[in-house]
Amino acid sequence: MGAAMRRIHVGNALSAFGLGFTVPYLYVYVAQVRGLGAMTAGLVLAVFAVAALIVLPFAGRAIVRRGPLPVLLVALVTAAVGALSLGLSNSAATVLLSASALGAGQAVMQPALATMIVDCSTTETRSRAFAMQFFLQNLGLGVGGLIGGHLVDPTEAGSFTLLFSIEAVMFLLLVVVMATVRMPRAPRLADAPHQSAGASWKQLLGNRAMVQLCVLGFVLFFACYGQFESGLSAYGVEAAGISTSALGTALAANTLMIVVAQFAVLRFVERRKRSRVIASVGLIWAVAWAVAGYAGLGDGSQAMATAAFISTYALFGLGEALLSPTLAPLVADLAPTGMAGQYNSAFALVKQLALAVGPAVGGPMGASLHAPYIVVFLLFSLGITVLAVRLGRQLTEVQNHPSAARSRVVAQSGAAAGQAPAHV
């Protein structure tokens with residue numbers, strides 16, 4: 001990795017650390033520590049999703065025209081202001097305003113950092129760069145949540161103020177780190193003839209492969225990430241009798257699987273077509289939902305149900321490890337020159353939509369409609385496989401299997417060079 005890529009990965013780790021540092025404790029902080037009630041706490045969590053949905057369409061345009069680094073710096077400062085003000089807020093209005101600033105800043109960081117990785121990597125190194133990003137994000141979230149949990153005291157509002165202040169400092173530290181990044185020259189929309197925002201979105205929607213990838217991405221995030229802390233956890237508690245400590249162990253198993261498997265699966269991913277890798281994830285997650293069905297609907301002992309439930313989260317982690325070096329590089333390869341920021345923001349927008357809809361649908365189902373919940377999301381997982389196979393038909397060989405395409409070009413070049421002396 002070059003110096004720029006190392007700093008970008010530090011930025012990914014620090015931003016994830018800041019997110020894991022406070023988000024798990026937002027509900028307790030707003031509802032109990034500040035005494036604003038469950039309704040306000042629920043609105044705060046919703047504000048994060050709404051803020052992301054509002055700013056991401058504009059973020060993509062800004063990244064394309066100005067470059068990812070200036071947009072990232074603005075997002076970091078916005079998030080720092082939101083975090084600090086959230087720690088000092090004691091009314092519903094100020095809490096919601098602060099949460100909107102923090103949510104907007106954090107939402108813009110994702111496509112900005114992803115575009116920086118695209119600009120600082122090549123087709124050969126991009127999969128490994130995004131695998132490293134995902135690894136560090138999960139590590140940062142886990143470490144942040146662990147440290148934050150030891151710092152907070154529900155009886156002391158000052159401990160939460162300290163927590164949010166540290167998060168703000170992290171974002172400002174990240175501003176200093178990222179300001180030293182020297183990005184390579186990359187094509188920008190400003191270098192080309194003027195194009196309106198509507199025209200750029202029309203161009204994106206005219207890309208059939210990208211539209212299909214967005215549909216596939218929505219189903220992926222809806223059927224997995226959107227269920228982790230909502231429907232699946234509710235199903236585990238209500239149907240399988242999983243304790244809160246076992247639920248924490250399941251989340252830890254998910255993170256551990258990602259950390260252990262992330263680089264082990266890279267060779268597997270690089271040697272196969274991306275559409276087939278995504279299709280295999282659908283099958284793995286279908287098995288995960290079947291195992292979850294056994295945990296809550298089977299006749300085994302409580303110990304077996306707990307083991308099965310933990311295995312479900314581990315299987316989801318294996319699928320995530322396969323996706324991280326696949327999805328983001330594919331988005332980058334589908335983007336025309338200079339449009340990576342627009343495409344990254346569009347895909348991030350799809351992800352936020354899925355994460356907003358997923359808990360709303362899965363939460364009530366997982367808590368009360370146990371068998372239909374498992375069947376529906378098992379079918380969604382099989383749908384991932386079908387959509388991935390269909391997507392593969394829209395991709396070129398370079399987009400779907402870049403390593404094979406490179407090998408073929410090298411082989412052809414070598415053959416041509418070997419034939420030259422005989423021809424002469």
In the structure I gave you, are the side-chain heavy atoms of [X] and [Y] within less than 4.5 Å of one another anywhere?
X: Asn207; Y: Val211; result: no
X: Leu379; Y: Val375; result: yes
X: Val215; Y: Met210; result: no
X: Met339; Y: Val64; result: yes
X: Leu330; Y: Leu395; result: yes
X: Met116; Y: Met178; result: yes
X: Arg128; Y: Glu270; result: yes
X: Val361; Y: Val376; result: no

With rounding to the nearest 0.5 Å, note down the distance linking [atom1] in [X] to [atom2] in [Y].
X: Leu84; Y: Thr161; atom1: CG; atom2: OG1; answer: 9.0 Å
X: Leu139; Y: Thr255; atom1: CG; atom2: OG1; answer: 9.5 Å
X: Lys273; Y: Thr326; atom1: NZ; atom2: OG1; answer: 14.5 Å
X: Tyr294; Y: Asp299; atom1: OH; atom2: CG; answer: 8.0 Å
X: Trp285; Y: Leu318; atom1: CH2; atom2: CG; answer: 10.0 Å
X: Thr115; Y: Gln342; atom1: OG1; atom2: CD; answer: 10.0 Å

- Task: Determine, step by step, whether Thr306 and Thr249 satisfy the side-chain contact (heavy atoms from CB on, under 4.5 Å) criterion, reporting the C-alpha distance in whole Å, the side-chain angles of both residues, the deciding distance to 0.1 Å, and the verdict.
- Result: CA-CA 10 Å; Thr306 301; Thr249 303; over 6 Å; no

Side chain of [X], backbone of [Y]: donor and acceptor closer than 3.5 Å?
X: Gln212; Y: Leu387; answer: no
X: Tyr235; Y: Tyr373; answer: no
X: Gln302; Y: Gly241; answer: yes
X: Asn138; Y: Val259; answer: no
X: Thr40; Y: Gly37; answer: no
X: His401; Y: Val398; answer: no

Taking all non-hydrogen atoms of both residues, which atom of [X] and which atom of [Y] are closest, and how far apart?
X: Leu391; Y: Ala209; result: CD1-O, 3.5 Å
X: Ala314; Y: Met257; result: O-CG, 3.2 Å
X: Phe221; Y: Leu355; result: O-CD2, 4.2 Å
X: Gly236; Y: Phe309; result: CA-CE1, 3.5 Å
X: Ser275; Y: Asn400; result: N-OD1, 2.9 Å
X: Leu174; Y: Gly11; result: CD1-CA, 3.1 Å

- Message: Applying side-chain contact (heavy atoms from CB on, under 4.5 Å) to Gln394 and Leu213, what does each step give before you reach the verdict?
- Response: CA-CA 10 Å; Gln394 297 291 328; Leu213 180 59; over 6 Å; no

- Task: Report the residue from Phe316, Phe380, Tyr313 that forms a ring-ring contact (aromatic ring centres under 6.0 Å, His included) with Trp289.
- Result: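 Going through Phe316, Phe380, Tyr313 one by one, the ring-ring contact (aromatic ring centres under 6.0 Å, His included) with Trp289 is satisfied by Phe316 alone.
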
Distance-only donor-acceptor pairs under 3.5 Å for side chains of residues 92-113, two or more places apart:
unit_1: Thr94; atom_1: OG1; unit_2: Ser91; atom_2: N; d: 3.4
unit_1: Thr94; atom_1: OG1; unit_2: Ser91; atom_2: O; d: 3.0
unit_1: Thr94; atom_1: OG1; unit_2: Ser91; atom_2: OG; d: 2.8
unit_1: Ser98; atom_1: OG; unit_2: Ser85; atom_2: OG; d: 2.9
unit_1: Ser98; atom_1: OG; unit_2: Ser89; atom_2: OG; d: 3.3
unit_1: Ser98; atom_1: OG; unit_2: Thr94; atom_2: O; d: 2.7
unit_1: Ser100; atom_1: OG; unit_2: Leu96; atom_2: O; d: 3.4
unit_1: Ser100; atom_1: OG; unit_2: Leu97; atom_2: O; d: 2.5
unit_1: Gln106; atom_1: NE2; unit_2: Glu167; atom_2: OE2; d: 3.4

- side-chain contact (heavy atoms from CB on, under 4.5 Å) evaluation trace for Leu323 with Ile278: CA-CA 7 Å; Leu323 286 176; Ile278 301 172; 4.1 Å; yes

- Item | Intermediate values then yes/no, side-chain contact (heavy atoms from CB on, under 4.5 Å), Asn12 and Ile8 | CA-CA 6 Å; Asn12 275 304; Ile8 292 168; 3.9 Å; yes

- Item | Geometric class of the Phe218/Phe222 ring pair [parallel <30°, tilted 30-60°, perpendicular >60°] | parallel

- Query: Phe164 vs Tyr29 aromatic rings, parallel, tilted or perpendicular, using cut-offs 30° and 60°?
  - Reply: tilted

- Would you mind telling me which of Arg126, Gln262, Arg274 makes a side-chain contact (heavy atoms from CB on, under 4.5 Å) with Pro325?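 Output: one option passes, namely Gln262.
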
- Pairs where residues 102-137 contributes a residue and the test ring-ring contact (aromatic ring centres under 6.0 Å, His included) is met, not counting sequence neighbours: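 Of all non-adjacent pairs touching residues 102-137, those that pass ring-ring contact (aromatic ring centres under 6.0 Å, His included) are Phe135-Phe263.
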
